*Asks:* 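Quick one: this structure, given as structure tokens, is what I'll be asking you about.
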Number of protein chains: 2
Amino acid sequence: MITVYGYSSSGNCHKLRLLLTQLKREFKWVEVDSTAGETRTAEYLAKNPNGKVPILERDDIEGDDGRIMTESNAILCWLAEGTPYWSGDAWQRAQALSWLFFEQYSHEPYVAVARFIRGWTPLDSPRRADLPQLRERGQQALAVMEQHLKVHPWFTGDAYGIADIALFAYTDVADEGGFDLAPYPAVRDWLARVRKTPGFIAMPSPPVEAASRMALPD
Amino acid sequence: MITVYGYSSSGNCHKLRLLLTQLKREFKWVEVDSTAGETRTAEYLAKNPNGKVPILERDDIEGDDGRIMTESNAILCWLAEGTPYWSGDAWQRAQALSWLFFEQYSHEPYVAVARFIRGWTPLDSPRRADLPQLRERGQQALAVMEQHLKVHPWFTGDAYGIADIALFAYTDVADEGGFDLAPYPAVRDWLARVRKTPGFIAMPSPPVEAASRMALPD
């Protein structure tokens with residue numbers, strides 16, 4: 001059995017729930033509220049010294065060391081190994097990895113962080129001053145995605161797979177970060193295609209307090 | 001033949017030069033000075049819409065699309081496929097991926113960016129105000145590495161490989177970003193081990209102007 005430690009309103013965590021559900025794979029989910037300090041306890045830091053969600057834990061490996069995997073996109077790769085969600089030759093699989101790295105370096109730090117600041121920081125937080133710049137950089141990432149999707153239906157080679165799951169997670173809730181997807185029609189079409197894949201599940205609604213903050217203008 | 005487009009003073013680019021050299025693989029290097037706007041030309045953006053170095057281009061694939069790979073760590077994976085630099089079972093290979101994602105999300109944006117700001121922005125750049133925070137976050141990444149290296153000799157499973165190459169690139173020049181590695185003895189020992197691997201080559205010295213800026217205190 002595998003256990004995911006994750007925060008349900010985190011796109012990084014939802015990636016794993018989505019793939020595991022689509023793989024029809026049994027798993028246990030332990031809710032860890034990273035926005036309430038639960039990734040900073042001694043117990044959690046023993047599992048992931050980097051203090052982030054999600055992590056995946058296996059119970060079929062002996063000993064404390066090496067049972068845990070960190071980093072959402074690495075976990076996606078391990079779960080998808082040998083499945084149609086990460087297939088093709090080495091070049092195609094590495095092209096999917098390229099999108100996974102793009103997601104973590106050029107997309108998540110802007111699209112996800114803008115959503116986090118809007119939903120999970122106080123309305124007078126000084127971090128809100130960062131929103132215009134985050135919005136600008138996030139739009140650059142969306143434009144790169146749009147350019148790809150004008151020509152290709154998916155990010156994972158010829159079929160839906162882990163690079164789509166990774167990029168879908170925060171793009172689907174980009175509006176909560178104050179992003180307008182109107183200028184990106186190919187991205188909107190792709191989001192709709194992902195939502196129709198077999199076994200798809202959406203990310204749960206955010207907590208009421210976060211949702212009410214995100215409903216306000218910046 | 002493969003061509004790397006890269007800036008020689010970029011750790012992300014040096015990763016590829018180091019692995020290719022250690023693999024004894026022939027390659028062509030096209031110097032692209034990303035600090036002088038050379039990744040923002042129409043010609044370059046046609047190769048990588050995300051406007052970053054490095055990219056790898058193959059001449060053995062027909063057509064314009066699909067010949068190029070972006071993202072240094074994805075390229076490392078493709079180059080290392082089937083070699084001892086990324087081996088082991090699926091779990092071990094994904095653990096190496098986990099470190100590659102850690103490098104791009106939790107290490108490079110702090111350790112590399114602090115070096116970039118110190119060397120490649122004017123001495124009166126407002127970006128220099130970010131240095132204390134970058135230093136703090138970079139130290140967190142170095143502490144996570146230290147904790148791993150107290151128990152394990154390498155980041156790529158049981159042997160030196162691509163996760164070591166990726167993390168080495170900017171850790172080896174962390175001093176240029178104003179980082180003191182004295183509190184991280186296991187990191188310093190690992191750097192020394194990497195430097196002794198067969199075929200190792202160090203990153204070229206930075207340009208004179210960058211070097212002279214980095215020689216100054218913040």
Side-chain angles (χ1 to χ4, degrees), chain A residues 12 45-46 48-52 55-56 58 60-61 64-82 86 89-109 112 140-141 143-148 150-152 157-158 163 166, chain B residues 12 45-46 48-52 55-56 58 60-61 64-82 86 89-109 112 140-141 143-148 150-152 157-158 163 166:
Chain A
N12 285 327
L45 289 170
N48 181 8
N50 204 26
K52 295 190 191 300
I55 59 176
L56 178 143
R58 291 169 66 171
D60 62 339
I61 296 183
D64 281 342
D65 187 39
R67 297 173 56 194
I68 283 172
M69 186 169 292
T70 63
E71 298 292 335
S72 59
N73 288 358
I75 298 168
L76 285 181
C77 291
W78 180 68
L79 291 171
E81 190 71 51
W86 191 30
D89 64 13
W91 181 254
Q92 285 174 303
R93 284 162 53 93
Q95 290 287 8
L97 282 176
S98 175
W99 285 111
L100 293 175
F101 284 107
F102 166 84
E103 191 264 340
Q104 284 289 286
Y105 194 88
S106 298
H107 184 287
E108 200 267 11
Q140 288 170 14
V144 170
M145 291 171 67
E146 178 75 10
Q147 191 165 334
H148 176 82
K150 277 182 183 166
V151 186
H152 306 276
D158 300 330
Chain B
N12 286 327
L45 290 169
N48 181 7
N50 204 26
K52 295 189 191 300
I55 60 176
L56 179 144
R58 291 169 66 172
D60 61 339
I61 296 182
D64 281 343
D65 188 40
R67 297 172 56 194
I68 283 172
M69 186 170 291
T70 63
E71 297 292 334
S72 59
N73 287 359
I75 298 168
L76 285 181
C77 291
W78 181 68
L79 291 171
E81 189 72 51
W86 191 30
D89 64 13
W91 180 254
Q92 284 175 302
R93 285 162 53 93
Q95 291 285 9
L97 282 176
S98 174
W99 285 111
L100 292 175
F101 284 107
F102 166 84
E103 190 265 338
Q104 284 289 287
Y105 195 88
S106 298
H107 183 287
E108 201 268 9
Q140 288 170 14
V144 170
M145 291 171 68
E146 178 75 10
Q147 191 165 333
H148 175 81
K150 277 182 183 165
V151 186
H152 307 276
D158 299 330

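What you see is a predicted model; the values in this text were computed from it and never measured. Below, read A as the first sequence line, B as the second, and so on, with proteins coming before strands; counting in each chain starts at 1.
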*Asks:* Less than 4.5 Å apart, any side-chain heavy atom of B:Glu103 and any of B:Asn73?
*Replies:*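 Yes; the side chains approach each other to less than 4.5 Å.
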*Asks:* Which answer fits A:Ser106, side chain, backbone, both or neither, if we ask what part of it has an atom under 4.5 Å from a heavy atom of chain B?
*Replies:*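 The side chain, not the backbone.
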*Asks:* Which one, B:Arg58, B:Gln92, B:His148, leads in non-hydrogen pairs under 4.5 Å with chain A?
*Replies:*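 Winner by heavy-atom pair count: B:Arg58.
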*Asks:* At what distance, to the nearest 0.5 angstrom, does CE of A:Met69 lie from CG of A:Leu79?
*Replies:*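 That separation rounds to 8.5 Å.
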*Asks:* Just give me the residue among B:Phe102, B:Tyr105, B:Trp91 that pairs up with chain A most often, heavy atom to heavy atom, under 4.5 Å.
*Replies:*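 Between B:Phe102, B:Tyr105, B:Trp91, the count favours B:Trp91.
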*Asks:* For each of B:Asn50, B:Leu100, B:Asn48, tally heavy-atom pairs with chain A at distances under 4.5 Å, and name the one with the top tally.
*Replies:*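 That would be B:Asn50.
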*Asks:* When you compare the side chain of B:Leu97 with that of A:Trp78, does any pair of heavy atoms fall below 4.5 Å?
*Replies:*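 A side-chain contact is absent here, since even the closest heavy-atom pair is not under 4.5 Å.
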*Asks:* Does a side-chain heavy-atom distance below 4.5 Å link A:Gln104 with A:Asn12?
*Replies:*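 SC-SC contact between A:Gln104 and A:Asn12 confirmed.
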*Asks:* Backbone N or O of B:Thr70 within a donor-acceptor pair of the A:Ser98 side chain at under 3.5 Å?
*Replies:*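 Yes, the answer is positive, given that a donor and an acceptor are paired below the 3.5 Å cut-off.
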*Asks:* For each of A:Glu81, A:Gln95, A:Gln147, tally heavy-atom pairs with chain B at distances under 4.5 Å, and name the one with the top tally.
*Replies:*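 Looking at each of A:Glu81, A:Gln95, A:Gln147 in turn, A:Gln95 comes out on top.
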